[in-house]
Amino acid sequence: MPELPEVETVRQGLSRWVTGRRLAAVEVRHPRAVRRHAAGPDDFSAVLTGRTLGEAQRRGKYLWLPLDSGDALVGHLGMSGQFLVLPADAADGPHLRVRFSFADGDSQLRFVDQRTFGGLAVSPGGAQLPAEIAHIAPDPFDPLFDADRFVAALRKKKTGVKRALLDQTLISGVGNIYADEALWRAQLHGERPADRLSPAQARELLAEVVAVLQEAITAGGTSFDALYVNVNGESGYFDRSLHAYGRAGLPCDRCGAPMRRESFMNRSSFSCPRCQPPPRTS
DNA sequence: CGCGCCTCCTGTGTGC
DNA sequence: TGCACACAGGAGGCGC
């Protein structure tokens with residue numbers, strides 16, 4: 001479940017292992033992986049071959065690698081996407097979608113994706129900020145992020161505060177896991193109406209979002225299973241620090257009450273029934 | 001235009 | 001043992 005900390009960990013790995021290298025060949029093994037590349041898989045390979053990769057960039061959960069052509073290779077990991085740096089002779093796994101071979105021949109970059117929600121595309125002229133990403137808000141670590149603007153926008157949303165946190169046009173990078181963690185820390189139930197938060201509550205919630213994302217980056221992200229790993233195939237260890245996500249029935253780390261699980265948008269929300277009382281209307 | 005629901009995917013776990 | 005089904009969920013797209 002890659003969210004901002006997991007994607008940032010991958011970005012750091014790409015920066016270390018592929019920045020500055022020249023692509024010798026790009027092999028699309030599954031067309032769905034490049035469905036967002038309008039010109040099709042053959043064009044995807046053609047425009048990338050021979051290009052040199054620049055410094056890996058990230059906004060929210062999107063990644064991009066600027067190219068020396070002025071275009072950019074844009075990627076989203078979706079649910080289960082992985083970028084792996086592997087020896088060229090390593091066996092192909094069953095979920096290999098795209099193989100990037102380098103002119104130096106020392107290792108390969110592979111895009112592997114079990115559930116195929118992730119995808120890659122080349123964004124024409126997108127080296128600075130790909131058009132595919134321009135519609136989402138800056139994430140809270142972006143110098144362009146404006147906390148006052150976020151707080152004001154959040155307090156105008158006619159929806160629950162968790163839905164608002166997951167709205168990538170309001171703040172990017174937050175997914176189901178870190179939304180639940182930030183709400184637990186802020187002692188707010190996710191169905192609390194966003195437009196009824198006080199300015200202080202909204203600022204506190206943002207502070208908790210930033211804190212939990214930063215701590216998770218330091219831990220290398222959250223891994224529940226083999227679906228999230230860094231570019232070297234290693235798991236993150238933030239799962240040991242989770243207070244809400246996946247803890248249904250376990251005692252709240254703050255008050256001891258059994259944590260609850262609720263259905264939300266065809267998925268799950270975890271919260272403490274005592275520390276995070278639901279609003280009366282829901 | 002804002003909001004919320006549906007859909008795309010596949011592997012794992014569970015219950016009958 | 002095998003089958004059916006729930007579940008995991010980011011984000012585009014569409015209906016209201």
Side-chain angles (χ1 to χ4, degrees), chain A residues 1-11 29-38 58-64 74-83 93-98 111-121 123 130-139 152-183 190-196 209 213 216 221-229 235-236 239 242 244-249 260-270 281-282:
Chain A
M1 299 67 218
E3 302 179 31
L4 188 152
E6 293 75 35
V7 178
E8 171 60 19
T9 302
V10 171
R11 188 202 67 75
R29 299 290 300 265
H30 196 307
R32 185 172 156 79
V34 296
R35 65 194 181 283
R36 302 280 174 206
H37 186 81
R58 183 186 56 69
R59 172 177 280 197
K61 305 171 198 172
Y62 279 92
L63 288 164
W64 75 98
V74 183
H76 196 292
L77 302 178
M79 278 291 296
S80 56
Q82 303 174 337
F83 277 114
H95 308 302
L96 173 63
R97 307 304 183 198
V98 182
F111 183 69
V112 174
D113 190 8
Q114 179 196 96
R115 296 179 194 168
T116 71
F117 280 24
L120 309 177
S123 177
E132 291 83 347
I133 304 178
H135 70 287
I136 72 168
D139 63 65
L154 173 66
R155 296 184 60 248
K156 287 179 184 159
K157 293 298 267 186
K158 303 222 170 299
T159 188
V161 65
K162 179 168 177 181
R163 269 194 169 82
L165 285 180
L166 297 177
D167 180 349
Q168 304 296 300
T169 67
L170 208 55
I171 182 171
S172 65
V174 180
N176 200 42
I177 295 172
Y178 297 109
D180 277 5
E181 292 302 309
L183 289 165
E191 297 285 3
R192 294 273 293 269
D195 64 357
R196 274 180 243 166
V209 167
L213 293 176
T222 300
S223 302
F224 298 107
D225 48 36
L227 288 189
Y228 164 69
V229 293
S235 296
D239 59 306
L242 296 175
Y245 186 83
R247 300 195 71 249
R260 102 191 114 194
R261 174 189 178 276
E262 294 170 294
S263 273
F264 170 79
M265 296 169 75
N266 276 338
R267 44 201 65 125
S268 295
S269 287
F270 300 91
T281 49
S282 83

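- The CE atom of A:Met265 sits 6.0 Å away from the CG atom of A:Leu166 when rounded to the nearest 0.5 Å.
- Within the 4.0 Å cut-off from OP1 or OP2 of B:dC3, at least one side-chain nitrogen or oxygen of A:Lys157 is found.
- OP1 or OP2 of B:dC9 has at least one side-chain nitrogen or oxygen of A:Arg32 nearer than 4.0 Å.
- Rounded to an integer number of Å, the gap from CZ of A:Arg115 to C1' of C:dA6 is 13 Å.
- Whole-Å rounding puts the A:His95 NE2 to B:dT10 C1' distance at 8 Å.
- A:Arg58 places no side-chain N or O within 3.5 Å of a backbone atom of A:Val7 that could act as its donor or acceptor partner.
- To the nearest angstrom, P of C:dG10 lies 7 Å from CE of A:Met79.
- Both A:Glu132 and A:Phe117 lie close to DNA chain C; mapped to their nearest nucleotides by heavy-atom distance, the more 5′-ward contact belongs to A:Phe117.
- We find that CD1 of A:Ile133 is positioned 11 Å from P of C:dG12, with the value rounded to whole Å.
- B:dC5 atom C1' lies 8 Å from atom CZ of A:Arg163, rounded to whole Å.
- One atom, CG of A:Asp113, and another, C1' of C:dA8, lie 14 Å apart when rounded to the nearest Å.
- Per the geometry, OH belonging to A:Tyr228 stands 18 Å off C1' belonging to C:dA8, to the nearest Å.
- Note that CG of A:Asp113 and CG of A:Leu77 are 8.0 Å apart. Values are rounded to the nearest 0.5 Å.
- Within the 4.0 angstrom heavy-atom criterion, only backbone atoms of the sugar-phosphate kind lie near A:Arg261; the bases stay farther away.
- Note on A:Tyr62: only backbone sugar-phosphate atoms sit closer than 4.0 angstrom, heavy atoms only; bases stay farther off.
- Out of B:dG11, B:dC9, B:dT7, the shortest distance to the side chain of A:Arg267 is found at B:dT7.
- Within the structure, every side-chain polar atom (N or O) of A:Arg36 is placed at least 4.0 Å from both OP1 and OP2 of C:dG12.
- Nucleotides of DNA chain B nearest to A:Asn266 and A:Lys156 differ in position, and the one nearer the 5' end is that of A:Lys156.
- If you take CZ on A:Phe111 and CG on A:Leu96, they are separated by 10.5 Å, rounding to the nearest 0.5 Å.
- Within the 4.0 Å cut-off from OP1 or OP2 of C:dA8, at least one side-chain nitrogen or oxygen of A:Ser268 is found.
- Here A:Arg163 contributes atom CZ and A:Phe264 contributes atom CZ; the two are 4.5 Å apart, rounded to the nearest 0.5 Å.
- Atom CD of residue A:Glu3 and atom CD of residue A:Glu8 lie 14.0 Å apart, to the nearest 0.5 angstrom.
- A:Glu191 places no side-chain N or O within 3.5 Å of a backbone atom of A:Thr159 that could act as its donor or acceptor partner.
- Between the CG atom of A:Asp195 and the NZ atom of A:Lys158 there is a distance of 4.5 Å, given to the nearest 0.5 Å.
- For residues 164-177 of chain A, proximity to DNA chain C is found at A:Gln168, A:Gly175, A:Asn176, defined as any non-hydrogen atom under 4.0 angstrom from a strand atom.
- Going from atom CD of A:Gln82 over to atom P of B:dT10 covers 16 Å, rounded to whole Å.
- At the heavy-atom level, A:His135 lies under 4.0 Å from the strands shown only through sugar-phosphate atoms.
- Between A:Thr159 and the phosphate of B:dG4, there is a side-chain N or O to OP1/OP2 separation shorter than 4.0 Å.
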